[in-house]
Amino acid sequence: MNYWLMKSEPNDYSIDDLASEKKASWDGVRNYQARNFMRDDMRVGDKVFFYHSNANPPAIVGLAAVCRESHPDITAFDKNDSHFDPKSKKGNPTWFLVDIQFVKKYKAPVTLTELKSDKKLQGMRLLQRGQRLSVMPIEEKYGKYLETLLK
DNA sequence: GCCAACGTTGGC
DNA sequence: GCCAACGTTGGC
C-alpha cells in the first residue's frame, strides 16, 4: 500500500463533491509525470490525501482510496470537453487515469502553513519549491505521520 | 537539439 | 491580481 496526494481546486472539484458522489474518475490531468504515476504505479487500496489547491487556505482536507487502476481518460477524446487532446487516439490513448473513492473528510484539515512548519514533514515533495504536480507520491514515513495528524 | 516564447499552476 | 516556477511548443 502506497500513499499519494492529489490536488484539486475546490471551485472545480472539492472533497464535498467526492463525499456526495462517493467515487470519481480523476480526469483532466495533462501532465506526463502525473499521468505516469496513475498509469504505472497506483494500485487499488492505495491511500490518497485529498488536497485543496488555490483554496483559502490550501490544505489537506480528506482521505480517498484508489478503487480502480489505470484506464484511458476518455475526456481527451471529446471535442467538447475542456481537456480535449487531439493527439490522444482511442486506439493508442495518451492520457490515463485512476478512479478514487471517498474515505473521509477531516474535521480538522491541515493547512499548507501547518505542513510547512512541521519539522517532521520537512523534505516532503509537496513542500518543495515550485512543486506543481497534481498527483504525487508521499513517502511512507510522511504518510503514516500525516495519518496521525489528520482526524 | 537548442532555446525563446508562451501557457499553466498555485501560493500569496 | 501578481508573479515565480515549471512544462510545452515550435522555429531554427
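Keep in mind that the numbers below use all heavy atoms, side chains included, and drop hydrogens, waters and symmetry copies.
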query: Should we count CG of L133(A) as having more than 12 external heavy atoms under 6.0 Å?
result: yes
- request: Within residues 113-128 of chain A, find the residues that approach DNA chain B with a heavy atom at under 4.0 Å, and present them sorted by residue number.
  value: K116(A)
message: Suppose we screen for side-chain contact (heavy atoms from CB on, under 4.5 Å). Which residues come up paired with D99(A), at least two apart in sequence or across chains?
response: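 Partners of D99(A) under the side-chain contact (heavy atoms from CB on, under 4.5 Å) test: S25(A), C67(A), R68(A), H71(A), L97(A).
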- prompt: I15(A) and H52(A): which non-hydrogen atoms are nearest, and at how many Å?
  reply: N-NE2, 3.1 Å
query: If you look only at pairs with a residue in residues 115-125 of chain A, which of them pass as a side-chain hydrogen bond (donor to acceptor under 3.5 Å, both in side chains), with sequence neighbours excluded?
result: D118(A)-Y145(A)
message: Would E21(A) and Y13(A) count as a side-chain hydrogen bond (donor to acceptor under 3.5 Å, both in side chains) here? Give the steps.
response: CA-CA 11 Å; E21(A) 293 179 8; Y13(A) 195 85; 2.9 Å; yes
message: My understanding is that only residues two or more places apart in sequence, or in another chain, count here; which of them pass ring-ring contact (aromatic ring centres under 6.0 Å, His included) with Y32(A)?
response: W95(A)
For Y3(A), all residues meeting ring-ring contact (aromatic ring centres under 6.0 Å, His included), sequence neighbours excluded: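 Residues passing ring-ring contact (aromatic ring centres under 6.0 Å, His included) with Y3(A): F49(A).
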task: Could you list where the contact with chain A starts and ends along DNA chain B, reading 5' to 3', using a 4.0 Å heavy-atom cut-off?
output: dG7(B) to dC12(B)
Residue whose closest nucleotide on DNA chain C lies nearer the 5' end, Q131(A) versus N54(A):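 Looking at the nearest nucleotide for each, N54(A) comes out on the 5' side.
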query: With no hydrogens and no angle check, do the side chains of S70(A) and R35(A) hold a donor and an acceptor under 3.5 Å apart?
result: no
